[in-house]
Amino acid sequence: MWSKMYKAFVDGPVITLADMLDARENRAMIQKELMMADIQASLVVATLNIPGPIKNSPVLTKVFETMIVEVEEAVKDTVPIANLYRNLPTGPEYFLVLPNTRYELKKQMTHIEMTHPYGRLMDLDVLHLEQESNQVVPVSRTEIGLATRTCFVCDQVAKECGRSRKHSMDEMYQAIQKIIEEE
């Protein structure tokens with residue numbers, strides 16, 4: 001298996017599609033609950049952007065926690081309304097409710113994603129509660145004038161590479177390991 005070749009994936013549990021679907025459903029419930037703490041607030045949801053069946057390991061947790069320090073440093077002048085950290089087999093999750101405007105916060109989070117060496121390995125999503133539908137919705141990069149994210153293997157549009165399964169797991173794990181080692 002790939003985890004024997006790449007340190008980032010050693011000692012990581014193998015996750016099934018059902019595990020990931022359950023994790024997404026639970027994350028959505030938490031997001032909605034946190035947004036109810038202040039319906040005018042914005043919510044940062046941090047997760048690892050790791051393809052394949054291994055979503056967490058000691059190395060990946062360290063990467064994640066390094067990035068959370070960056071997030072908290074970026075918003076250090078703002079008193080959070082709520083925060084929650086969970087380290088799950090399906091990957092660590094961090095939720096941070098702030099009174100910042102969603103576009104201001106999205107700019108800060110995309111800056112971290114684009115400038116920190118580990119930024120490619122993170123999803124720093126910014127969400128808000130849409131009043132009419134009472135749904136939690138994300139702020140897209142295009143809403144603040146940025147292009148969509150690129151693939152960490154080939155620099156093409158990430159969603160297209162993912163959908164077409166353009167890269168092997170070995171290529172993706174190798175790219176992730178290289179990002180981690182270069183930091």
| message | Could you work out, with side chain to side chain donor-acceptor pair (under 3.5 Å) as the rule, every residue matching Asp123, not counting sequence neighbours? | response | Arg149

| field | Single-linkage hydrophobic cluster Phe95~Leu88, side-chain heavy atoms < 4.5 angstrom | value | no

| Validation row: Thr61, Asn56 side chains within 4.5 angstrom (heavy atoms) | yes

| task | Could you point out which residue of Leu96, Leu43, Asn100 forms a side-chain contact (heavy atoms from CB on, under 4.5 Å) with Leu105? | result | Asn100

| remark: Tightest non-hydrogen contact, residues Glu93 and Ala23, listed as OE2-O, 4.2 Å

| query | Hey, does Glu65 have a side-chain heavy atom less than 4.5 Å from the side chain of Tyr94? | reply | no

| remark: Separation between CG (Asp38) and CE (Met36), nearest 0.5 Å, reads 11.5 Å

| message | Can you tell me how far apart CG (Leu84) and CD1 (Ile30) are? Round to the nearest 0.5 Å. | response | 5.5 Å

| Are Glu72 and Val44 close enough that some pair of their side-chain heavy atoms sits under 4.5 Å apart? | no

| Cluster overlap Leu124 with Met35, hydrophobic side-chain contacts below 4.5 Å | no

| task | Could you check if a side-chain atom of Pro92 sits within less than 4.5 angstrom of a side-chain atom of Asn87, using non-hydrogen atoms only? | result | yes

| field | Ring geometry between Phe64 and Tyr85 (parallel below 30°, tilted from 30 to 60°, perpendicular above 60°) | value | tilted

| query | Is there a path of hydrophobic side-chain contacts, each under 4.5 Å between heavy atoms of I, L, V, M, F, W or Y residues, that connects Val126 with Leu129? | reply | no

| query | Taking C-beta and beyond as the side chain, do Lys7 and Glu181 meet within less than 4.5 Å on heavy atoms? | reply | yes

| request: Given side-chain contact (heavy atoms from CB on, under 4.5 Å), test Phe9 with Leu60 step by step and report yes or no. | output: CA-CA 8 Å; Phe9 301 96; Leu60 294 173; 4.0 Å; yes

| remark: Tested for side-chain contact (heavy atoms from CB on, under 4.5 Å) against Glu104, the lone hit among Gln108, Arg102, Lys107, Lys106 is Gln108

| query | Which heavy atom of Ala8 sits nearest a heavy atom of Ile180, and at what distance? | reply | CB-CD1, 3.6 Å

| Just wondering, do Leu98 and Pro80 contact through their side chains at under 4.5 Å, heavy atoms? | yes

| field | Thr90 side chain vs Met20 backbone, donor-acceptor pair below 3.5 Å | value | no

| said: Could you report the tightest heavy-atom contact between Lys32 and Val136, atom names first, then the distance? | reply: CA-CG2, 3.8 Å

| said: Less than 4.5 Å apart, side chain to side chain, heavy atoms only: is that true for His116 and Thr66? | reply: yes

| request: Answer yes if Met109 and Val97 sit in the same cluster of Ile, Leu, Val, Met, Phe, Trp and Tyr residues linked by side chain heavy atoms under 4.5 Å apart, and no otherwise. | output: no

| message | I'd like to check Glu70 versus Met122 (side-chain heavy atoms, cut-off strictly below 4.5 Å). Are they in contact? | response | no

| remark: Between the CD atom in Gln31 and the NE2 atom in His128, the distance rounded to the nearest 0.5 Å is 12.0 Å

| Nearest 0.5 Å, what's the CD1-CG distance between Ile50 and Leu121? | 5.0 Å

| request: Can you measure from CZ (Arg141) to OG1 (Thr148) and round to the nearest 0.5 angstrom? | output: 7.5 Å

| task | Using side-chain contact (heavy atoms from CB on, under 4.5 Å) as the criterion, point out the one residue from Met172, Gln156, Glu160, Glu171 that pairs with Lys166. | result | Gln156

| Could you walk me through whether Ile39 and Gln131 pass the side-chain contact (heavy atoms from CB on, under 4.5 Å) check? | CA-CA 8 Å; Ile39 61 172; Gln131 300 297 324; 3.9 Å; yes

| Would a hydrophobic clustering, with Ile, Leu, Val, Met, Phe, Trp and Tyr connected at side-chain separations under 4.5 Å, put Val71 with Ile81? | no

| said: Is it the case that over 12 heavy atoms from other parts of the model lie below 6.0 angstrom from the CD atom of Glu33? | reply: no

| Atom CD1 of Ile179 and atom OH of Tyr118: how far apart are they, to the nearest 0.5 Å? | 10.5 Å

